[in-house]
Every structure is written in structure tokens, then in C-alpha cells.
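Contents: one structure, followed by commentary.
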Number of protein chains: 2
Amino acid sequence: MDILMKSVKLEMNGKLYVKDPESSDLGKKIVEQSILLIDEIGFECFTFKKLGVRIQSNESSIYRYFENKHKLLLYLASWYWGWMEYRMVFATNGISNPEKKLKKAIEVLTQNVEEDSSFSHVNEVVLNRLIINEYSKSYLVKEVDQENKDGYFTISKRIVSRISKMIQEVDGSYPYPLSLASTILEGTLHQYFLAEHFPKLTDCNQKITPTQFFTDLIFRTLNLKPNG
Amino acid sequence: MDILMKSVKLEMNGKLYVKDPESSDLGKKIVEQSILLIDEIGFECFTFKKLGVRIQSNESSIYRYFENKHKLLLYLASWYWGWMEYRMVFATNGISNPEKKLKKAIEVLTQNVEEDSSFSHVNEVVLNRLIINEYSKSYLVKEVDQENKDGYFTISKRIVSRISKMIQEVDGSYPYPLSLASTILEGTLHQYFLAEHFPKLTDCNQKITPTQFFTDLIFRTLNLKPNG
DNA sequence: GCGAATATAATAGTATTACTATCAACATAT
DNA sequence: ATATGTTGATAGTAATACTATTATATTCGC
């Protein structure tokens, strides 16, 4: 990852936090260590009290940054998708051939996150694992419509919209570009989860990647050549 | 739905419950009303105490049937997929043409559940909605590997396996039958959720159904004719 | 019809969770 | 020197997720 990224700050919806965690050392520590702790013990077992012990700070101090752990998860998800969108736009910018552009976008979106780019204090490898395991829980809640109105899902929606538009650029007659795009975004997380825990439910493994599966799917669906 | 179904009892993994809820009136009431209550208030807010009030029974009595609400969710999911598998096998049985068979299976799996077949005390319309909203939470947990070993996900795995085999019957050269099958199963739930809460992320709506989207996807991917 | 076994209800109790409130300590900015 | 903001420490509350015990009601075998 380019060194340039280290100086970029992702813009976050201000309603996601009580106090901007980027504005202090404690805030950054909360974000950094919450990712590691949720990854270790799972979102259900994760509490602000446990995080407080881990960062040698106080439960009440964490509440000054995030209302509750659900909002923290929304924040982390928003961060992840912001990072993903940035990489996607960066990687596809300047590609004029629609097929190549779509292929590149799918590649970035479905690729395994293998190394921590040290883009700020966030470990993207661990965050990626967290998103695979916990992202669904951020929107599968009764409050989803209000939270959607509050703009908490803006970024991942924009990614789906971008992919959908690229699909249309490649094949304007294809009738389901949005559904295909959202299926790839969500399906990627799911395929990684299956590869880890239900290997009999997926063809993805060490040799076959979700990138190959979804790239192939797109090519077949839009009737393209694999070398497009 | 055929009247025959009323007399069929779905076989459940005995480890899912402490005491078989099918074995008593209270047990059936627990299953019946838990579906309605979870649908109303969401899995996070659902407690055995609240269910106890609703069925005018005691919290501790419910614990005699299910260890905790997570196990109850696993039970309900298992019931749902058992019911789905039954319908799928029933509907495809006797179809010898592989393409027609696959098409029928996808149709059953992706179709909107519109009427309560009154197959026992379970309201399938509500259960379907519950599965769309809560199913992911049943396996996105730290204990997933142990619970998989305990066989809690056997039925949905078998459905994926069946679809995968049907895909291979249609096109033996297609390299990702398992991933395609699991993408359809999970993707269907996701598309219904999006249609309800994020209409801008899907093409599915009152006119376009997930069945159409996924049937089209399968046809394009396996290079078939729509009238196959 | 009676006693034994079983199912359910009622009550109480515990540890943890998910917070809220208050106040003190410290740093910084003016 | 004083006001302001940040963090830490402590305490407290209501709800959750159970477990345990005892009482009561129902059912079954004989």
C-alpha cells in the first residue's frame, strides 16, 4: 500500500461517535484495541469493561467516545468500507476499458486482505476478519431503517452503486446490476467465512479464491471473455 | 401445501433442545410464540422472561426446553431448513430433466413464503421473515466449529449439497458448484432483506423477484436457455 | 382410587451487562 | 491564576441470563 495512504484520513459520519476517536490518543487506542479484542472473543462477548481493562483505561471513558458497542461496530464497518472504497477507486481510476475496470474493481473487493498496510492505527487484516464475522450483525437489527436514514451505511451503499454502474457500462442490457453487485459484496464475506468454517459448502480454499469464483461468475453472467 | 404435511414430523437434532418441544403443549407453545415474539421485537431484545409473560408460563419452565435463546434460534433455523428441504425434494422428485429439476429447486428455495401452510403449530410466513433477519446470527459466533461438529447445521448443508449436485448434473464442467449453491441460499435471504430495507441496493421489488434474479443468474452462468 | 412419578409454577438468588452520574486529578490554553 | 477540557475512579441502577429450591398440579401404573 502506498505511503500516501498514511496521511489520508477517512471521513466518517459524525453521528457514529460521541467524540471523534481520531481526535485523541485514547480514542485511537479504543479503535485499535477494540478491533483486536472483538476479533479475539467475538462481538457477543465483547464489552466496554473488558476493553477498558485491556487498554488500561476506564469503562466510562470509552462511553465518552461511543454510545454502545453497536455504534462502535457501525463505526468500524464504516471505516472498513471507506478504506475499501478508497482502494477500489484508486485502483480503477484511469482504466478506460469498462471490462478491465470492472474486473479490477471485483479483484480489489473480493481479494483476501493479507498485509497490514499500517494505514493509521488500524490493522486491516484483523479488521477484514472482523467484518467477515460480524458485519451482518451491524444491519440485521430492528433499528436498521432509522440507522439507514441516519446515513450509517452510506459508504457500503456507494460501493454497491459503483459496481452496479460498472456492470451497466459493460452490459447495459443486463437487468439486475444492483442485485449482482450486492450479491458480490455480501457473498464475498460469506465465501471467506465458509472457507474457514464450512469447507464443504464452498469451492474456495487455498487454491481457489473468492476472486476467481466471482470474476468467473461476472464473466459468464455478462457474457465476457476471461481475458477481457 | 398438501394436507399430508400436517402429519409429517420433521426430525431434529436432539442436542438442540433439553426436552423435545414437540413432546408437550407447553413445548409447542414455546416454539410457536417464540417465532412471533422474535419477529416482533428482534432477537437481541428477545428474552425467555418476555416469552414467559407472553405465553403465561414461567421463565424457568422455558429453560427446561432450551438451554438459551441461541439454541432456540438454532432449533428454529433447523426447523426452517428441514421444512425447506422437504418442500424442495417433494417438488423436484420425479423430474428427470436436469435443467428443469434445477430450475424447480431454485424456484422453491428462492420463492417468497406467502401463506402459512399450517404445517403444525409453526407459522412459516413469519418464520421465513425471522430467518431472513436472524439466520446469520446463528452461525456467526465463536462457537461455530464446535456447533458444526455437533451437527446443528446438517440440514442447510444438505440443501447446498443437493443444489450443487443438480448444478453438476446440468453442467459437469462448471468449476464452482458449491460456491454457486451456497451463494444462492445465502444470497436469497440477503436480497429479501435488501428489498425490504435497502431498495437502492437491489433490483428485487414487487415486480422483480429473487427467483427471477437467481434463475437468470444460473441460466447465464451454466449457459442454458431460459425455457430449459 | 391411591401413591409415585413427572411437569409446571412460583419465588429467590447470583453474576454479569449495559449503562448513568458524580467527583477528583491533571493538563492546557488564555 | 483561572477557566476549560480530558481522563480516571467509584458508585449505583435496571435488566439479563441464568441456577436452585420448593410447592402445586397432572398423569400413570396398579
Subject >> Results of side chain to side chain donor-acceptor pair (under 3.5 Å) for A:Asn112 - residues two or more places apart only >> reply: none

Original post:
Which residue pairs pass the ring-ring contact (aromatic ring centres under 6.0 Å, His included) test with at least one member in residues 191-211 of chain B, sequence neighbours excluded?
Top reply: A:Tyr139-B:Phe193, A:Phe153-B:Phe198, B:Phe193-B:His197

**OP:** Would you please name every residue forming a side chain to side chain donor-acceptor pair (under 3.5 Å) with A:Asn133, sequence neighbours left out?
**Re:** none

Original post:
Mind checking what makes side chain to side chain donor-acceptor pair (under 3.5 Å) contact with A:Arg162, not counting sequence neighbours?
Top reply: A:Glu85

Subject >> Flag for B:Glu22-B:His121: side-chain donor and acceptor within less than 3.5 Å >> reply: yes

**OP:** Could you list where the contact with chain A starts and ends along DNA chain D, reading 5' to 3', using a 4.0 Å heavy-atom cut-off?
**Re:** D:dT6 to D:dT10

Original post:
Do B:Glu44 and B:Lys137 sit within salt-bridge range, that is, some charged N less than 4.0 Å from a carboxylate O?
Top reply: yes

**OP:** Given side chain to side chain contact (heavy atoms under 4.5 Å, CB included), test A:Thr110 with A:Thr209 step by step and report yes or no.
**Re:** CA-CA 9 Å; A:Thr110 60; A:Thr209 66; over 6 Å; no

**OP:** For A:Ser179, enumerate each residue passing the side chain to side chain donor-acceptor pair (under 3.5 Å) test, keeping only those at least two apart in sequence or located in another chain.
**Re:** B:Gln191, B:Thr202

**OP:** For DNA chain C, determine which residues of residues 136-144 of chain A have any heavy atom closer than 4.0 angstrom to one of its atoms, and list them numerically.
**Re:** none

**OP:** Please list, by residue number, the residues of residues 28-43 of chain A whose heavy atoms come closer than 4.0 Å to an atom of DNA chain D; answer none if no residue qualifies.
**Re:** none

**OP:** Remember a base hit wins even if backbone is also touched, and classify A:Glu67 as base, sugar-phosphate or nothing at under 4.0 Å, heavy atoms.
**Re:** sugar-phosphate

Original post:
Does a donor on one side chain sit under 3.5 Å from an acceptor on the other, for B:Gln146 and B:Asp150?
Top reply: yes

Original post:
Going by the ring-ring contact (aromatic ring centres under 6.0 Å, His included) test, which pairs reach into residues 32-56 of chain B, not counting sequence neighbours?
Top reply: B:Phe48-B:Tyr63

**OP:** Using a 4.0 Å heavy-atom cut-off across all strands, classify A:Phe48 as base, sugar-phosphate, or nothing.
**Re:** nothing

Original post:
Are B:Glu134 and B:Lys69 ion-paired here, with the side-chain N under 4.0 Å from a carboxylate O?
Top reply: no

Original post:
What string of B, S and - do you get for nucleotides 7-15 of chain C, 5' to 3', when a contact is any protein heavy atom under 4.0 Å?
Top reply: SBBBB----

Subject >> B:Lys157: partners by salt bridge (Lys or Arg N to Asp or Glu O under 4.0 Å), with sequence neighbours left out >> reply: none

Original post:
For B:Tyr176, what residues pass the ring pair (Phe, Tyr, Trp, His ring centres under 6.0 Å) criterion, not counting sequence neighbours?
Top reply: A:Phe213, B:Tyr174

